[in-house]
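Because the structure is a prediction, the values reported are computed rather than measured. Below, each value reflects all heavy atoms present in this structure, side chains not excepted, and no hydrogens, waters or symmetry copies. Naming: A, B, ... by sequence-line order, numbering from 1 per chain.
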Protein chains: 2
Amino acid sequence: MSPQRSLKPTPRTRRATPADDGPSASERAYAHIRARLFDGTFTGNMMLSEGDIAEELAISRTPVHEALLRCEFEGHIRLYPKRGALVLPVSAKEIQDVLVTRRLIEVHAADLAAQSRELGPGLLAQVDTQADLLHRELDEEFSTADDAFHKQIIQATGNGLLDRAYAMARDVPLRVGNSNLRRHPERVAQLIAEHRAIAQAIADGDPAAARAAVEHHLDMAMKSLLRAI
Amino acid sequence: MSPQRSLKPTPRTRRATPADDGPSASERAYAHIRARLFDGTFTGNMMLSEGDIAEELAISRTPVHEALLRCEFEGHIRLYPKRGALVLPVSAKEIQDVLVTRRLIEVHAADLAAQSRELGPGLLAQVDTQADLLHRELDEEFSTADDAFHKQIIQATGNGLLDRAYAMARDVPLRVGNSNLRRHPERVAQLIAEHRAIAQAIADGDPAAARAAVEHHLDMAMKSLLRAI
DNA sequence: TCCACGTATCTTGCATGCATCATCCGTGCG
DNA sequence: CGCACGGATGATGCATGCAAGATACGTGGA
């Protein structure tokens with residue numbers, strides 16, 4: 001009668017055979033949709049169809065459907081039954097909401113990081129890397145480095161839930177910001193300076209300064225993003 | 001060449017025919033799994049199989065698979081390819097993480113609510129309802145009312161992202177707490193008193209008191225939950 | 001006894017097909 | 001000319017089927 005086997009707690013991480021088929025079809029569909037969302041191919045109010053995406057990737061609709069479900073959960077699109085997927089436009093309100101949320105999370109994380117000071121040297125080095133990427137005009141890499149900088153501070157909290165919440169909050173700016181940064185290199189230089197202030201406060205073990213630096217950084221980011229849409 | 005039609009921005013909310021088929025199979029599967037997670041039928045380290053759940057609900061594996069994906073995203077289970085779904089146990093660490101996250105969110109929301117004071121009367125009334133439910137020993141309804149109380153404060157911020165983050169954070173205590181409350185009615189009485197303090201501070205328009213009341217409430221909740229696992 | 005190996009069994013990933021629902025559009029009527 | 005109606009079209013929800021990966025187990029050999 002029991003429909004589930006009661007326990008089988010041996011999910012060993014090793015695999016007898018690595019059997020690396022690469023990412024699954026579902027993951028490829030998900031990555032593809034996100035990439036289009038971030039590079040601006042899928043813009044606000046656009047209507048997507050599973051079939052078209054499936055055809056493009058030469059896979060069936062099933063994994064595409066799963067990817068769309070996930071994107072809906074993450075707030076990027078909205079699924080209308082039997083009608084299709086509407087790409088939600090990024091509104092000013094949403095950007096404000098995201099930045100408020102990020103502020104709550106990142107201020108908390110930076111405070112903790114400053115208390116331990118461990119991250120300091122690593123973060124300062126990362127800021128140098130960012131400056132280098134700016135000089136070499138490697139936009140894509142810069143965006144990745146920016147992401148890594150913030151993510152590292154969050155992850156140092158060890159709080160997986162915060163991490164997931166942050167991941168959702170970060171996607172929205174990416175939809176606006178990726179194309180935006182390219183057009184405003186002066187903003188990027190400023191952004192790096194703000195990063196440096198955060199890293200320095202953490203390295204100094206000054207939680208109050210770290211909180212203030214993060215708040216300033218996010219304030220500036222919000223203004224920049226609001227100008228961009 | 002363009003795989004997507006560029007726009008069809010007419011997702012009218014009205015339906016020509018209501019055509020109320022009730023919830024979709026996928027939603028039913030999702031609700032079913034969550035219910036089992038919360039009522040303790042699906043306990044930590046248990047291994048679930050799509051086929052069994054599908055059979056139980058008399059639907060196919062497809063919608064069950066979608067529901068499991070969503071549960072994985074919400075952090076309740078982990079999917080092992082070709083092996084099944086492992087129900088993740090709720091650890092003390094996770095409870096702490098969740099309460100830290102909730103504290104960030106709810107303190108912020110309570111502060112805002114106290115600034116506007118609008119929610120005050122409604123919240124105080126809700127607390128009275130909770131006391132009534134306690135006296136009548138309606139555990140299920142009480143849990144729902146508790147959820148509604150917190151959710152209302154969050155939703156008043158109008159920040160959809162915070163709302164979603166809170167929803168994820170709230171699920172974890174539900175897996176521990178539903179069965180726990182039943183066994184500790186004295187904790188419930190205390191909990192209601194804490195709710196009343198929060199509601200009163202908001203009604204008084206005292207943000208500092210509201211923040212403090214929320215922090216106290218969540219501290220107590222954490223202790224209670226940690227004792228429960 | 002203990003380990004290696006081949007096979008049966010279980011489970012999932014995904015392709016495919018069908019039924020249904022929403023939308024679009026042409027036609028006929030007032 | 002405007003509008004209602006009906007079929008064509010396109011989209012999804014979900015059932016089903018197949019192939020492949022993972023595990024369990026029985027058997028044979030050292």
Side-chain angles (χ1 to χ4, degrees), chain A residues 2-33 46-72 77-87, chain B residues 2-33 46-72 77-87:
Chain A
S2 93
Q4 271 68 39
R5 35 205 193 301
S6 60
L7 108 176
K8 178 164 55 174
T10 335
R12 311 186 190 85
T13 55
R14 68 155 175 85
R15 280 187 185 182
T17 312
D20 197 346
D21 303 331
S24 65
S26 173
E27 282 168 44
R28 273 186 295 139
Y30 176 69
H32 174 83
I33 295 167
M46 188 181 280
M47 210 74 180
L48 309 179
S49 105
E50 292 177 5
D52 292 341
I53 298 173
E55 195 176 358
E56 208 172 308
L57 296 177
I59 59 181
S60 80
R61 278 175 37 224
T62 307
V64 175
H65 184 65
E66 290 175 6
L68 287 173
L69 281 174
R70 185 162 167 192
C71 287
E72 178 180 44
I77 66 179
R78 172 147 179 204
L79 264 28
Y80 289 90
K82 308 274 177 108
R83 305 221 279 122
L86 178 70
V87 178
Chain B
S2 93
Q4 271 68 38
R5 33 206 196 303
S6 61
L7 107 176
K8 176 162 58 174
T10 334
R12 310 185 190 87
T13 54
R14 68 152 174 87
R15 279 187 184 182
T17 312
D20 196 346
D21 301 332
S24 66
S26 173
E27 283 168 44
R28 272 186 296 140
Y30 176 68
H32 175 83
I33 295 167
M46 188 181 282
M47 210 73 179
L48 308 179
S49 105
E50 292 177 2
D52 294 341
I53 298 173
E55 196 176 355
E56 208 174 307
L57 296 177
I59 58 181
S60 81
R61 278 176 36 224
T62 308
V64 175
H65 184 66
E66 289 174 7
L68 287 174
L69 282 174
R70 184 163 167 191
C71 286
E72 178 180 43
I77 67 179
R78 173 149 176 201
L79 264 29
Y80 289 92
K82 306 277 177 103
R83 302 221 284 125
L86 178 71
V87 179

Spacing of A:Arg70 atom CZ relative to C:dG13 atom P, expressed in whole Å: 14 Å
Protein-nucleotides 13-15 of chain D N/O pairs closer than 3.5 Å?
{"unit_1": "D:dG13", "atom_1": "OP2", "unit_2": "A:His65", "atom_2": "ND1", "d": "3.2"}
{"unit_1": "D:dG13", "atom_1": "OP2", "unit_2": "A:His65", "atom_2": "NE2", "d": "3.2"}
{"unit_1": "D:dG13", "atom_1": "N7", "unit_2": "A:Arg61", "atom_2": "NH2", "d": "3.1"}
{"unit_1": "D:dC14", "atom_1": "OP1", "unit_2": "B:Ala25", "atom_2": "N", "d": "2.5"}
{"unit_1": "D:dA15", "atom_1": "OP1", "unit_2": "B:Ser60", "atom_2": "N", "d": "3.4"}
{"unit_1": "D:dA15", "atom_1": "OP2", "unit_2": "B:Ser60", "atom_2": "N", "d": "2.6"}
{"unit_1": "D:dA15", "atom_1": "OP2", "unit_2": "B:Ser60", "atom_2": "OG", "d": "2.1"}
{"unit_1": "D:dA15", "atom_1": "N7", "unit_2": "B:Thr62", "atom_2": "OG1", "d": "3.3"}

side-chain contact (heavy atoms from CB on, under 4.5 Å) partners for B:Glu55, two or more places apart: none
For B:Ala67, side-chain contact (heavy atoms from CB on, under 4.5 Å) partners two or more places apart: B:Ala29, B:Tyr30, B:Ile33
Non-hydrogen side-chain atoms of B:Leu57 and B:Ile53 separated by less than 4.5 Å: yes
For B:Glu50, all residues meeting salt bridge (Lys or Arg N to Asp or Glu O under 4.0 Å), sequence neighbours excluded: B:Arg61
Length of the line joining B:Met47:CE and C:dT12:C1', which is rounded to integer Å: 11 Å
Distance (rounded to the nearest 0.5 Å) between B:Arg83 CZ and B:Met47 CE: 5.0 Å
With A:Thr62 via side chain to side chain donor-acceptor pair (under 3.5 Å) - residues at least two apart: none
B:Ile53 CD1 - C:dT11 P separation (whole Å): 11 Å
Between P of D:dT12 and CG of A:Leu69, the distance in whole Å: 11 Å
